[in-house]
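This report refers to the structure that appears directly beneath it.
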Amino acid sequence: MTWLEGAEGSAPFDAALGLRPELRDLYAAFYGKLWDEELLPASLLELCRLRVAQLHDCEAELAVRHAESGVSDAQVAALADWAGSDLFSEQERAALTLAEKMPWQHHDLTDEEYADLNAHFGESGVVALTIGVALFDANCRLRLALGTEPAPVEAPMPASSEGPIY
């Protein structure tokens with residue numbers, strides 16, 4: 001931590017949120033629901049999470065890798081130029097379009113882009129993805145505002161409501 005004192009926990013971000021455990025637990029339950037219930041493929045969520053972190057230049061979020069999400073090192077390396085890479089499926093491209101625009105250009109999302117998302121994920125999937133990307137955006141903003149230091153973590157499983165928020 002750069003400015004918070006007295007936080008305890010297994011990961012810097014979890015420790016910062018743990019200063020208000022009643023809020024941390026609610027946040028973890030909401031965030032973990034995306035991963036625990038497998039509302040969308042873990043690889044899709046991981047790609048979107050990492051792209052949002054790149055857009056925010058959030059080293060603390062980028063330091064976390066979910067090893068069993070199914071995202072390859074080659075995909076991570078190509079993520080900054082995902083639109084020009086052949087490593088991403090049409091479904092991943094639709095999701096990354098949302099991830100690309102949500103943090104800074106959410107008003108620029110078009111009806112056509114949402115129609116493409118709906119074609120790939122259905123309405124309930126689009127809701128889950130939109131909430132997920134918004135939470136990834138919030139994670140980055142919180143990490144940056146709270147000054148959490150990057151701590152390289154290779155979590156075996158993606159986030160869960162039962163474990164720490166890395």
Side-chain angles (χ1 to χ4, degrees), residues 13-14 17 23-145 153-166:
F13 188 48
D14 198 60
L17 297 179
L23 297 176
R24 182 253 175 247
D25 292 347
L26 291 169
Y27 193 81
F30 191 53
Y31 183 73
K33 190 80 157 165
L34 287 168
W35 307 91
D36 292 345
E37 301 293 323
E38 298 179 5
L39 301 177
L40 294 164
S43 60
L44 190 79
L45 292 171
E46 180 74 345
L47 287 171
C48 290
R49 185 185 70 78
L50 291 171
R51 183 60 188 139
V52 169
Q54 286 178 341
L55 293 169
H56 279 288
D57 196 25
C58 183
E59 292 182 31
E61 187 76 23
L62 288 167
V64 178
R65 287 290 304 276
H66 298 133
E68 294 181 19
S69 69
V71 174
S72 71
D73 290 338
Q75 284 178 304
V76 173
L79 197 52
D81 185 34
W82 63 268
S85 172
D86 61 357
L87 295 176
F88 304 97
S89 69
E90 289 303 312
Q91 186 181 51
E92 291 166 338
R93 289 175 185 284
L96 287 167
T97 296
L98 177 67
E100 188 81 21
K101 291 185 176 182
M102 181 72 93
W104 311 110
Q105 303 167 320
H106 51 277
H107 293 293
D108 293 341
L109 285 159
T110 66
D111 290 342
E112 293 79 19
E113 289 166 336
Y114 270 108
D116 190 32
L117 287 166
N118 194 42
H120 287 290
F121 305 108
E123 289 177 347
S124 64
V126 173
V127 169
L129 182 61
T130 303
I131 289 171
V133 172
L135 285 170
F136 303 147
D137 183 41
N139 276 357
C140 290
R141 291 172 189 269
L142 284 167
R143 285 178 188 277
L144 293 168
V153 173
E154 189 161 320
M157 297 293 290
S160 169
S161 60
E162 300 299 317
I165 303 173
Y166 293 105

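Note that the coordinates shown come from a computational prediction; the quantities given were computed from them, not determined experimentally.
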Polar contact flag, side-chain donor to acceptor under 3.5 angstrom, Asn139-Tyr27: yes

Side chain to side chain contact (heavy atoms under 4.5 Å, CB included) partner of Val71, the single match among Leu44, Val76, Leu79: Val76

Interatomic distance, Arg93 atom CZ to Asp116 atom CG [nearest 0.5 angstrom]: 11.5 Å

CD-SG distance between Glu100 and Cys48, expressed to the nearest 0.5 angstrom: 10.5 Å

Residue pair Leu109 / Leu98, side-chain heavy-atom distance below 4.5 Å: yes

Backbone N/O of Asp108 and side chain of Lys101: donor-acceptor pair under 3.5 Å: yes

Closest contact, heavy atoms only, Leu62 versus Leu50: CD2-O, 3.6 Å

Residue pair Arg49, Val64: steps toward the side chain to side chain contact (heavy atoms under 4.5 Å, CB included) verdict: CA-CA 10 Å; Arg49 185 185 70 78; Val64 178; 4.1 Å; yes

Interatomic distance, Leu17 atom CG to Arg143 atom CZ [nearest 0.5 angstrom]: 8.5 Å

Asp73 vs Arg65, side chain to side chain contact (heavy atoms under 4.5 Å, CB included): CA-CA, chis, key distance, verdict: CA-CA 10 Å; Asp73 290 338; Arg65 287 290 304 276; 3.5 Å; yes

Spacing of Asp81 atom CG and Leu87 atom CG [to the nearest 0.5 Å]: 10.5 Å

Leu39 side, atom CG; Leu45 side, atom CG - distance, nearest 0.5 Å: 8.0 Å

Geometric class of the Phe136/Trp35 ring pair [parallel <30°, tilted 30-60°, perpendicular >60°]: tilted

